[in-house]
Amino acid sequence: MNWVAITFDDGPHPDFTPKILELLQKYNAKASFFCVGQLVGQYGSVAKDIIERGHTIGNHTYTHSNGFGFLSTNKVLLELQKTNETIHELTGLNTKLYRPAFGVTNPNINRAVKKMNLETIGWSIRSLDTTKRSKKAILERVTSKLKKGDIILLHDTSEKTVEVLEQLLLFLHQNNMQSVSVDQLLDIEAYA
Ligand SMILES: [Zn+2]
C-alpha cells in the first residue's frame with residue numbers, strides 16, 4: 001500500500017472537524033490535526049474525538065497570532081507550552097509534533113521548539129484550500145503529482161475543504177493509496 005499523510009491545520013472547528021472525522025472514518029483513513037491551543041480549550045469535545053477516532057494531534061501554537069514571527073523566544077515558548085498543556089489536560093497526551101503557524105521559522109521559534117523537544121512537521125503538498133480557488137482546482141493541485149510519502153496540507157476550517165477531502169479520499173482509494181497519520185508515515189513517536 002502506498003502511504004501518504006493528510007494533515008489539517010487551524011482547528012478544531014465545531015462544524016467542519018466533525019464532518020471531516022466522519023469522512024475519514026467512512027474511508028478508513030487516518031490523519032493528523034495540528035490544533036490551535038486556544039481552540040482546543042474552546043472545543044474540547046471535538047479535540048477529544050480526534051484522539052478517540054485514532055488520529056494524531058499536534059501543536060499549532062496557542063493563538064495563531066499574526067505576529068508569531070516577531071515574538072521573543074520566551075513568548076513562543078509560552079505559546080507552545082500552553083498548547084501542549086491544554087491538549088494534555090484534555091487527552092492525557094504529550095504531543096511531540098509541531099506545525100509552524102504560517103509556516104514561519106526563525107531563530108527564536110527554533111530555540112523554543114528545541115527547548116520543548118518538539119519535532120517540526122512540514123508538508124510536501126500545499127493545497128491552498130484557504131484561497132479562493134475552486135474545489136476542482138484544489139483537488140487537481142493535490143492529486144496531479146501525488147506520490148507515496150507525500151504530506152498534504154489542508155485546513156479543517158471550511159465546507160470547501162470537507163468537499164475536497166471526500167474527492168481526495170476517493171482518489172486515494174482508486175489509486176491504491178492510503179492516508180495514515182504523519183507519525184506512522186515518518187516512523188516517529190507522536191507523543192512523549
Ligand atoms: Zn495555521
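Atoms within a ligand are numbered from 1 in the order they appear, just like the ligands themselves. When a residue number appears, it is its place in the shown sequence, counting from 1.
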| message | Check for me, please, whether M116 and L78 land in the same ILVMFWY cluster - side-chain distances under 4.5 Å, paths through other members count. | response |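 No, M116 and L78 fall in different hydrophobic clusters.
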
| Out of curiosity, does L24 fall in the hydrophobic cluster containing V182 (side-chain heavy atoms, cut-off under 4.5 Å, transitive links)? | no

| field | From CA spacing to verdict: side-chain hydrogen bond (donor to acceptor under 3.5 Å, both in side chains), T95, N59 | value | CA-CA 7 Å; T95 187; N59 187 325; over 6 Å; no

| query | Is the H55-F33 ring centre distance short of 6.0 angstrom? | reply | yes

| said: Whether the E166 and Y27 side chains hold a donor-acceptor pair (N or O, under 3.5 Å, no angle test) is what I'd like checked. | reply: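 Yes, Y27 and E166 have a side-chain donor paired with an acceptor closer than 3.5 Å.
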
| field | D129 and T161 side chains, donor-acceptor separation under 3.5 Å | value |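 The criterion, which ignores hydrogens and geometry beyond distance, is satisfied for D129 and T161.
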
| task | Sort by chain and number the protein N/O/S atoms found under 2.8 Å from the Zn ion (ligand 1). | result | D10 OD1, H60 NE2, H64 NE2

